[in-house]
Amino acid sequence: MLPRPNELLARYVALWNEKDAQRRRDMVLSMYAPDCIYVFYRKDPIRGHTALLDQLAYTHEVYGPMGYEFRSSHNATGHHDVVRFNWVMVTAATGEMEMSGQDILVLAEDGRIQADYQFHDRMPSSFVYNDGYEEHGVAVRHAQPTRTGAPGS
């Protein structure tokens with residue numbers, strides 16, 4: 001049975017905000033198919049649970065110290081095996097939006113995520129987004145956002 005779109009979105013955002021590594025692992029195993037693929041901004045596709053867990057940990061390393069969290073836009077829609085929704089990354093203390101994006105999920109027959117395609121609609125204004133990748137898509141350094149001195153920094 002396929003999940004309701006906004007229920008899936010709530011679980012998705014909770015996963016990306018989860019600080020405990022074991023709970024993240026349990027959530028990934030229940031939400032994503034073993035051979036899942038995650039494709040996003042300027043990176044090669046990430047395949048499988050282990051790689052996805054590494055990406056989640058990395059996201060927490062980069063954005064956690066900056067005080068950011070993800071929130072749902074409560075606008076998930078779906079048909080057949082596809083779900084589409086928007087999200088925002090905000091400064092947790094103020095709710096000020098730093099980044100926004102959209103994900104398109106393709107679900108497996110059991111309702112778990114088979115493919116997750118992420119698009120960034122608005123890039124952060126309060127820091128330079130050095131993602132460690134050059135224009136050709138090859139990692140050349142560890143990503144480390146650098147604050148620009150904008151409000152909220």
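Every heavy atom of this structure was used, including side-chain atoms; hydrogens, water molecules and symmetry mates were not.
Pairs passing the salt bridge (charged side-chain N to carboxylate O under 4.0 Å, His left out) check and including a residue from residues 63-73, sequence neighbours excluded, read Glu69-Arg71. Applying the salt bridge (charged side-chain N to carboxylate O under 4.0 Å, His left out) definition to pairs two or more places apart or across chains, those involving residues 9-19 are Glu18-Arg23.
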For Trp87 and Met99: C-alpha separation, side-chain torsions, deciding distance, then whether side chain to side chain contact (heavy atoms under 4.5 Å, CB included) applies. CA-CA 9 Å; Trp87 51 266; Met99 179 187 275; 3.8 Å; yes
Start with the C-alpha gap between Phe119 and Ile104, add the side-chain angles, then the distance that decides, and say whether side chain to side chain contact (heavy atoms under 4.5 Å, CB included) holds. CA-CA 8 Å; Phe119 300 86; Ile104 297 173; 4.0 Å; yes
Kindly indicate, with the supporting measurements, whether the criterion side chain to side chain contact (heavy atoms under 4.5 Å, CB included) is fulfilled by Trp16 and Thr59. CA-CA 8 Å; Trp16 286 91; Thr59 299; 3.5 Å; yes
Before you tell me yes or no, could you show the steps for Ile46 and Val39 under side chain to side chain contact (heavy atoms under 4.5 Å, CB included), namely the whole-Å CA-CA distance, both residues' side-chain angles and the distance that decides it to 0.1 Å? CA-CA 6 Å; Ile46 291 170; Val39 183; over 6 Å; no
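With sequence neighbours left out, the side chain to side chain donor-acceptor pair (under 3.5 Å) criterion links Asn75 to Asn86. The salt bridge (Lys or Arg N to Asp or Glu O under 4.0 Å) search around Arg24 returns none, not counting sequence neighbours. In this structure, the side chain to side chain contact (heavy atoms under 4.5 Å, CB included) partners of Thr77, at least two apart in sequence or on a different chain, are Arg84.
Between Pro5 and Gly78, the closest heavy-atom pair is CG-N, 3.9 Å. Of all non-hydrogen atoms in Ser72 and Leu9, the two that sit nearest each other are OG-CD2, 3.1 Å. Taking every heavy atom of both residues into account, Met97 and Val90 meet most closely at CA-CG1, 4.0 Å. Residues Phe70 and Val13 come closest through the heavy atom pair O-CG1, 3.3 Å.
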Distance-only criterion, 3.5 Å: show the donor-acceptor pairs between side-chain atoms of residues 26-38 and protein atoms not counting sequence neighbours.
{"unit_1": "Asp26", "atom_1": "OD1", "unit_2": "Gln22", "atom_2": "NE2", "d": "3.0"}
{"unit_1": "Ser30", "atom_1": "OG", "unit_2": "Asp26", "atom_2": "O", "d": "3.4"}
{"unit_1": "Ser30", "atom_1": "OG", "unit_2": "Met27", "atom_2": "O", "d": "3.0"}
{"unit_1": "Tyr32", "atom_1": "OH", "unit_2": "Asp116", "atom_2": "OD2", "d": "2.9"}
{"unit_1": "Asp35", "atom_1": "OD1", "unit_2": "Gln114", "atom_2": "NE2", "d": "2.9"}
{"unit_1": "Tyr38", "atom_1": "OH", "unit_2": "Gln118", "atom_2": "NE2", "d": "3.0"}

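The main-chain N or O of Glu96 is found under 3.5 Å from a side-chain atom of Thr94 such that the two form a donor-acceptor pair. With hydrogens and angles ignored, the 3.5 Å screen pairs no side-chain donor or acceptor of His60 with any backbone N or O of Gln55.
A distance of 10.5 Å separates CG of Leu105 from CG of Asp81, quoted to the nearest 0.5 Å. Atom CG of Leu15 sits about 13.0 Å away from atom CZ of Arg25, to the nearest 0.5 Å.
Between Phe40 and His120, the two ring planes are tilted [angle within 30° to 60°].
With contacts defined as side-chain heavy-atom distances shorter than 4.5 Å, the pair Phe85/Gln102 does not qualify.
Side-chain N/O atoms of Tyr12 and Asp103 include a donor and acceptor closer than 3.5 Å.
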